Amino acid sequence: MMCLESDGAGTGGSSQDCIPGAGDGGVETLSGRMNPITTVLDMKSPEMESPSSKASLPEKPLNMRRARVAAAGILSVGNVLNYLDRYTVAGVLLDIQQHFGVKDSGAGLLQTVFICSFMVAAPIFGYLGDRFNRKVILSCGIFFWSAITFSSSFISKQYFWLLVLSRGLVGIGEASYSTIAPTIIGDLFTKNTRTLMLSVFYFAIPLGSGLGYITGSSVKQVAGDWRWALRVSPVLGMITGTLILIFVPVAKRGHAEQLKARSSWFRDMKALIRNRSYVFSSLATSTVSFATGALGMWIPLYLNRAQVVQKAVEPCNSGPCSTKDSLIFGVITCITGFLGVITGAGATKWCRLKTQRADPLVCAVGMLGSAIFICLVFVAAKSSIEAAYICIFAGETLLFSNWAITADMLMYVVIPTRRATAVALQSFTSHLLGDAGSPYLIGFISDLIQENTNKSPLWEFLSLGYALMLCPFVVVLGGMFFLATALYFLEDRAKAEQQSVPRIEDNSSWA
């Protein structure tokens, strides 16, 4: 087995990234083959080696590092496109409501059906991702949702149910990516380098979400038709799926760490359920999903209604409607996503010097701080849209700070041969308890309040605001779950490390 020094070694000493390959340890891609650095056992004697072969040795580890970083970059781009496609619909939600003639609950159903299909498909792809070629599954998933999204842009207004169905199918395609891609990055890097690469990967979530709003609103303005907004991400998705097939290496599961053999699926599930750090962090992730799903779907429309009440804009009774708030919210989401991921990773790295429980504690502080600013959004929106945007900026920054940290915690407390299953189960749980129902629930509560009040722009604004006030309370609950995670984090991490043993077997098998 060929190994090279990891550039992500932490304070605990140097670690090794072991690069598996077919036969002699190389990394295979569809575009070619890259061989790892030669070890002492494989080197010829000095008198038998030519000067040119000695000179070429330092270039090999550099090429391997570049290949791994490039692979992580392509996977991150794919994650951006997943969330861009997901939130393009939210960027033109008001136009969709006007076009199909649906109420708040009907509009919320689009996201709810998407997430329900996503969470049902996630465990299936987790099982497949632990046992079959992962990059083929990723590419097929991207090709599938790209084709469905493009086709959905041609649905006529008599068939809203078909649009709902198409969003459900898109959720199946995107589930394959979100479940498997982080595990590939986890197998390519270790420790601080893995934290950095996962930070980049999960920064794609707010970046893609923000770009979804921006793409939806901007393309609709240029084309004069909201349907064109659904035709951008499919083209980019096809390109990215092809790049993954060509350039992402088929890394062996757990090659960056030394692992025992893979166990059965039932044994994996039993171990995960008994892993208290994993269970509490999954519950905390569910609260994050609840809040981001609800706020991401409804905040632009809420702010538009606030401006109608303040008589800053006219109510939209027929399309095309203003997309200014979607555009501003998208820009804020992109910026706060970047700041949140950087702040979270930086704070965790600094706090690790003070306490080994830094990861869950930083997440808890971020959640509790975010809840305060989310509450202030609804207070400020009644009189000042600018103040509401400032509160959104602060709240989102703190809320987004825990995404990469949560993923890194999973890598610490779960052994690599269970990671795809662990990510899939966590995804299923977080969506089931989180954003699978929150967009529809907020819309349903809003409609329920409106039915018992006078129909007016004021009550349309207030009813949606009262419904959204559920979010900060859920976020506080998430902070409590992260504090519970901190109680068991060290114990569960130690158990995962104890299951790692040096491997001496042949590396000819591939993930």
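Treat the numbers as computed from the prediction; the structure is a model and nothing was measured.
For R493 and D408, the salt-bridge test fails: no basic side-chain N is under 4.0 Å from an acidic carboxylate O. D225 and R231 are not joined by a salt bridge, as no carboxylate oxygen comes within less than 4.0 angstrom of a charged side-chain nitrogen.
To the nearest 0.5 Å, atom CG of residue D447 and atom CG of residue N452 are 11.0 Å apart. Here L483 contributes atom CG and L368 contributes atom CG; the two are 6.5 Å apart, rounded to the nearest 0.5 Å. F118 CZ to R86 CZ: the interatomic distance, rounded to the nearest 0.5 Å, is 5.0 Å. To the nearest 0.5 Å, atoms CG (L448) and OG (S463) are separated by 10.0 Å. In this structure, the separation between CZ on F338 and OG1 on T343 is 9.0 Å, given to the nearest 0.5 Å. Distance check, rounded to the nearest 0.5 Å: CD of Q426 to OG1 of T285 gives 4.0 Å.
Counting all heavy atoms, side chain and backbone alike, S370 lies closest to G395 at OG-O, 2.9 Å. Across all non-hydrogen atoms, the minimal contact from I415 to A496 is CG2-O, 3.9 Å. The two residues L361 and A486 come nearest to each other via the heavy atoms CD2-CB, 3.9 Å. The two residues I385 and L303 come nearest to each other via the heavy atoms CD1-O, 4.0 Å. Taking every heavy atom of both residues into account, V309 and L458 meet most closely at CG2-CA, 3.8 Å. Heavy-atom minimum distance, K354 versus W350: CE-CZ2, 3.6 Å.
At distances below 3.5 Å, at least one donor-acceptor pair connects side-chain atoms of N275 with backbone N or O atoms of Y278. Proximity of a side-chain donor or acceptor of S218 to a complementary backbone N or O of T215 within less than 3.5 Å is not detected. For S233 (side chain) and D85 (main-chain N/O), no donor-acceptor pair under 3.5 Å exists by modelled atom type. Listed for the S286 side chain is a donor-acceptor partner under 3.5 Å among the backbone atoms of S282. Under a 3.5 Å cut-off, the side chain of W298 and the backbone N or O of P439 do form a donor-acceptor pair. Judged by distance alone, the side chain of T240 and the main-chain N or O of G237 form no donor-acceptor pair under 3.5 Å. Judged purely by atom type and a 3.5 angstrom limit, S166 has no side-chain atom pairing as donor or acceptor with the backbone of S152. S153 contributes a side-chain N or O that, together with a main-chain N or O of F150, makes up a donor-acceptor pair within less than 3.5 Å. T485 contributes a side-chain N or O that, together with a main-chain N or O of F481, makes up a donor-acceptor pair within less than 3.5 Å. T149 places no side-chain N or O within 3.5 Å of a backbone atom of S146 that could act as its donor or acceptor partner.
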Margin query: Under the criterion side chain to side chain contact (heavy atoms under 4.5 Å, CB included), I'd like the reasoning laid out for I96 against W226: C-alpha separation, chi angles, the key distance, then a yes or no.
Written below: CA-CA 8 Å; I96 292 176; W226 64 269; 4.0 Å; yes

Next item on the list: Could you go through the side chain to side chain contact (heavy atoms under 4.5 Å, CB included) check for F290 and D435 one step at a time?
Entry: CA-CA 4 Å; F290 185 99; D435 54 356; over 6 Å; no

Margin query: With side chain to side chain contact (heavy atoms under 4.5 Å, CB included) as the criterion, how do I445 and Y466 come out once you've worked through the C-alpha distance, each side chain's angles and the decisive distance to 0.1 Å?
Written below: CA-CA 8 Å; I445 295 174; Y466 291 147; 6.0 Å; no

Notebook entry, point to check: Does the side chain to side chain contact (heavy atoms under 4.5 Å, CB included) test come out yes or no for V413 and Y488, once each step is laid out?
Noted result: CA-CA 10 Å; V413 301; Y488 305 105; over 6 Å; no

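Two residues are said to be in side-chain contact when any heavy atoms from C-beta on lie closer than 4.5 Å; V89 and L230 meet this criterion. Under the 4.5 Å side-chain criterion, counting only non-hydrogen atoms from C-beta, T287 is not in contact with L283. Residues T292 and F400 are in side-chain contact: their nearest non-hydrogen atoms beyond the backbone lie under 4.5 Å apart. By the 4.5 Å heavy-atom criterion applied to side chains, C116 and H431 are not counted as neighbours. Between T406 and C363 there is a side-chain heavy-atom pair separated by less than 4.5 Å. At a threshold of 4.5 Å between non-hydrogen side-chain atoms, the residues M367 and V476 do not count as touching. Two residues are said to be in side-chain contact when any heavy atoms from C-beta on lie closer than 4.5 Å; R276 and E491 meet this criterion. Side-chain atoms of E460 and V308, non-hydrogen and from C-beta on, never get closer than 4.5 Å to each other.
In this pair, Y302 and F378 present their aromatic rings perpendicular. The plane angle is above 60°, beyond the 30 to 60° band. Using bins of under 30°, 30° to 60° and over 60° for the plane-to-plane angle, the ring pair Y177/F201 lands in the parallel bin.
Atom CZ of F393 is surrounded by more than 12 heavy atoms from other residues, nucleotides or ligands within 6.0 Å. When the shell of 6.0 Å around CZ of F144 is examined, it contains more than 12 heavy atoms from other residues, nucleotides or ligands. Within a 6.0 Å sphere centred on CD1 of I372, heavy atoms belonging to other residues, nucleotides or ligands number 12 at most.
At least one test fails for R305 against the ring of F461: distance under 6.0 Å to the centre or angle within 45° of the axis.
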